[in-house]
Participant: 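Dropping a structure here in C-alpha cells format, bear with me for questions.
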Amino acid sequence: MPMNDQGRPSRPTSAAAETAAPRGTFTGNRALDLEEALIFEIGRPDTSGVDLPAPSAAKARLGSLARKAPLGLPGLSEPEAVRHYVRLSRRNYSIDAGLYPLGSCTMKHNPRLNEKMARLAGFSDVHPLQPTSTVPGALELIGEVGRWLTELTGMAAVAMSPKAGAHGELAGMMAIKAALKARGLDKPVVLVPESAHGTNPATAAAIGFEVRAVPARADGTVGAADVRAAIDERVGAIMLTNPNTCGIFEPEVAEIAAAIHEAGGYFYCDGANFNAIVGKVRPGDFGVDAMHINLHKTFSTPHGGGGPGAGPVVLSERLAAFAPLPFVRVTDGEAVLVENPEDTADGETPYGRLTAFHGQMGMFTRAYAYMLSHGADGLRQASEDAVLSANYLRACLSDVMTLPFPDHPSMHEVLFDDRFLDGTGVTTLDFAKAMIDEGYHPMTMYFPLVVHGAMLIEPTESESKAALDLFAATLRDLVFAATGGDSERFTGAPRFAPRRRLDETRAARSPKLRWDKPAAAE
Ligand SMILES: *Cc1c(COP(=O)(O)O)cnc(C)c1O
C-alpha cells in the first residue's frame, strides 16, 4: 500500500472495488459510467488530504471532554475526494443535463447571469449575525423582490422569510389562523379539494385545522356549488391551487372566493403554478387572501434534492398586519429589518417569529436577477411561452395518449391518464422507467390522484421547439412500442441506468439512512 511521508496510507484500499456491484466488467465501471462506492467504504480514517505539521505543544484546555477515540471520519486525498463527488454528480439528472418535464415542479433553466449575481460577495458572504447596518443593500434587495411579488400578484403585503413552498403555506395558514382568532371566530375547518398537492392538507392539519375534502368534478375543476355545499359556520378557509394540479385554470375561482368570503373565511391559494399566469392574471384580483410563491419554480432559481428554495407568501389587505417576524419594512425607499415585537409599527401585529434568520439571500438574488433581466414584459412572455410549450406537446401527443380532460385547454402543464396503455400490460411506472432508458427524466407520475395513472408533463418555456419535437417523437415511439406488444422494453426498464428496478416500496417504508461498518472490516 502506498504511504505518504508521514507513514499514512495515501489511497484507499481496494474495498471499494470489492463491494461494487459486478456489472460485467472487472471494475464495475461501464465505460465512462463509473461505479462509486460510499465515501465510508472508500475512505480510511488514517488517510488525509493534507499533511499538517505536528502541533506544537499547545496546552489542551478540554480536560475530561477531550476526545479519546478517533473521530471515524473517512479520509481521502484531495483528488480522491474530488473524484468521489464528481462521479456522484454525474449520476444526477439535472435541468442542465436535459429536459426535465416534471409537472407542478417548474424545472426551468436557471440563467447563468443569476449565478454571477448571487456570487457577488455583498450577497453571498452576508452572515446572519452581522449588524444589519452593514447590509443595507441586501435588505433593499429583499424589499425589491417583495415589491415585484406584490405588484405581480396584486396583493398588499408579502412575508419573504419562508424557506420553501410548503413553509410558505404554513406561514400563510398561520396568518389566517391569527386573523380568525383576532376576530374572535371559532372556525377550525379548512376545505381542500381532492386534487390538491399533499402539502395543502398536511399544512392545515399540522397547525390544528380539520381538513374537509371538496370532491373533484369530472372535468378536473372545482365547482363553486360544491364549495358552497361544503361550507358551514365552522369553515375558516379554503386551500385551492390555481391553475390547478390538473393544469387547468379554475373557471369558477372568483365565485369560490366570493363563497368563502361571504362565510367569513379566507382564500389560501397554492401558487406553485404561478409560472402559468405571471403578467397575465393577478391572484389578488380573483380574491386570494394568501398565496405562496415558489421562487425556485417561477423565478428560475435552482431546486431539487431538498433545496435550497424560497417560498415567500403574499398577503391581502385583510391579512397583511399578521405577517410574521422577521420582515423587511420599506419606508421612503429605506429598508429596515424588523425582528422583534417591540420594533413593530402601528398596524403591524405579527403572529410570531417564523424563522430565526431572514433568507434565502442566494435565492432572492437569483430571483431578482431573473426579474430585472426579463422585465415585466419578459416575465409575461415567459408565461405565455410556458403555456405554448405545454399545449404544443398536447397537440403532438393527444392522438396517441389519452387526455382525461379534453374540454379544457392546458395551462403550463399537460395531464395525460393511462387509458392509452389499457390492455398492453404496461403501467405508468413502466412507461416512466422506459423514458429513463431514452435519457429523459420522467414526468410527474400518479399525481394528481384524481386521475388514474396520471402523467403530468411540464416542459416550461426553457425548451426549444427542436427539444420538444424530439421529446414528443420519443414518447410516440414508446406508445407505439407499448401498443405494438413490446412490453419487455417497459417491464425490463430501465436497462441502461446505473441501477435497474429498485424496491421503491421497501426503500420508502424502511429506508436505510445510516451506514454501519460491515463486521468483517472491523
Ligand atoms: C412544489 C409544490 C408545493 C411545495 O413547494 P416546496 O417548495 O416543494 O415546499 C406545493 N404545492 C404544489 C402544487 C407544488 O407544486
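Indexing begins at 1, ligand by ligand and atom by atom, following the structure's order.
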Participant: Which one holds for His167 and ligand 1: side chain close, backbone close, both close, or neither close, with close meaning a heavy atom under 4.0 Å?
Facilitator: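 The answer is neither; His167 stays 4.0 Å or more away.
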Participant: Between the candidates Pro162, Ala310, Ala272, which shows the shortest non-hydrogen contact distance to atom 12 (C) of ligand 1?
Facilitator: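 It is Ala272 whose heavy atom sits nearest to atom 12 (C) of ligand 1.
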Participant: Could you pull out every donor-acceptor pair under 3.5 Å between side chains of residues 271-278 and any protein atom, sequence neighbours left out?
Facilitator:
residue : atom : partner : partner atom : Å
Asn273  : OD1  : His412  : NE2          : 3.3
Asn273  : ND2  : Pro243  : O            : 2.8
Asn273  : ND2  : Asn244  : O            : 3.3
Asn275  : OD1  : Lys108  : NZ           : 2.8
Asn275  : ND2  : Glu461  : OE1          : 3.2

Participant: Could you check which of Asn244, Asp270, Asn200 puts a non-hydrogen atom nearest to atom 11 (N) of ligand 1?
Facilitator: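 Checking each option, the heavy atom nearest atom 11 (N) of ligand 1 is found in Asp270.
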Participant: Could you check atom 1 (C) of ligand 1 against the protein and tell me its nearest heavy-atom contact, residue, atom and distance included?
Facilitator: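 Checking every protein heavy atom, the shortest distance to atom 1 (C) of ligand 1 gives Lys297 NZ, 1.5 Å.
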Participant: Report the part of His303 (side chain from C-beta onward, or backbone N, CA, C, O) that has a heavy atom under 4.0 Å from ligand 1; answer both or neither where that applies.
Facilitator: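 None of His303 does.
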Participant: Please list, one pair per line, the donor and acceptor atoms closer than 3.5 Å that link side chains of residues 172-182 to other protein atoms, with sequence neighbours excluded.
Facilitator:
residue : atom : partner : partner atom : Å
Lys177  : NZ   : Ile207  : O            : 2.4

Participant: Suppose I only count heavy atoms of Thr199 and a 4.0 Å limit; which atoms of ligand 1 are within that range?
Facilitator: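 So the atoms of ligand 1 that pass are 10 (C), 11 (N).
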Participant: For the rings on Phe431 and Phe420, is their centre-to-centre separation under 6.0 Å?
Facilitator: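 Here the rings of Phe420 and Phe431 have centres that are less than 6.0 Å from each other.
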Participant: Do Asn273 and ligand 1 have an N or O pair less than 3.5 Å apart?
Facilitator: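 No.
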Participant: Starting from atom 6 (P) of ligand 1, which protein heavy atom do you reach first, and at what distance in Å?
Facilitator: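 Nearest protein contact, heavy atoms only, for atom 6 (P) of ligand 1 is Gly165 N, 3.4 Å.
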Participant: Give yes or no for whether the N/O distance cutoff of 3.5 Å, strictly under, is met between Ala166 and ligand 1.
Facilitator: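 There is such a contact, yes.
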Participant: Consider only side-chain N and O atoms of Thr427 and Asp430, and report whether a donor and an acceptor are under 3.5 Å apart.
Facilitator: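 A pair is found: one side chain offers a donor N or O, the other an acceptor, under 3.5 Å apart.
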Participant: Within a strict 4.5 Å, meaning less than it, do heavy atoms of the Ser389 and Thr460 side chains meet?
Facilitator: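 The answer is no, as the side chains (C-beta and beyond) never meet within the 4.5 Å cut-off.
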Participant: Check this for me, if you would: do Arg147 and Glu144 make a salt bridge, where the nitrogen-to-carboxylate-oxygen distance has to be below 4.0 angstrom?
Facilitator: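 A salt bridge links Arg147 with Glu144.
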Participant: Decide if atom CD of Glu151 counts as having more than 12 heavy atoms of other residues, nucleotides or ligands within a radius under 6.0 Å.
Facilitator: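 No, not enclosed.
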Participant: Measure the shortest side-chain to side-chain distance between Ser195 and Thr241 over non-hydrogen atoms and say whether it is less than 4.5 angstrom.
Facilitator: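 Result no, sub-4.5 Å side-chain heavy-atom pair not found.
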Participant: Which ligand 1 atoms, with their elements, are less than 4.0 angstrom from a heavy-atom of His296?
Facilitator: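 Those of ligand 1 that fall under 4.0 Å from His296 are 7 (O).
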Participant: When you compare ligand 1 with Asn294, is there at least one nitrogen or oxygen pair between them that comes in under 3.5 angstrom?
Facilitator: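 Between Asn294 and ligand 1, an N or O pair is found under 3.5 Å apart.
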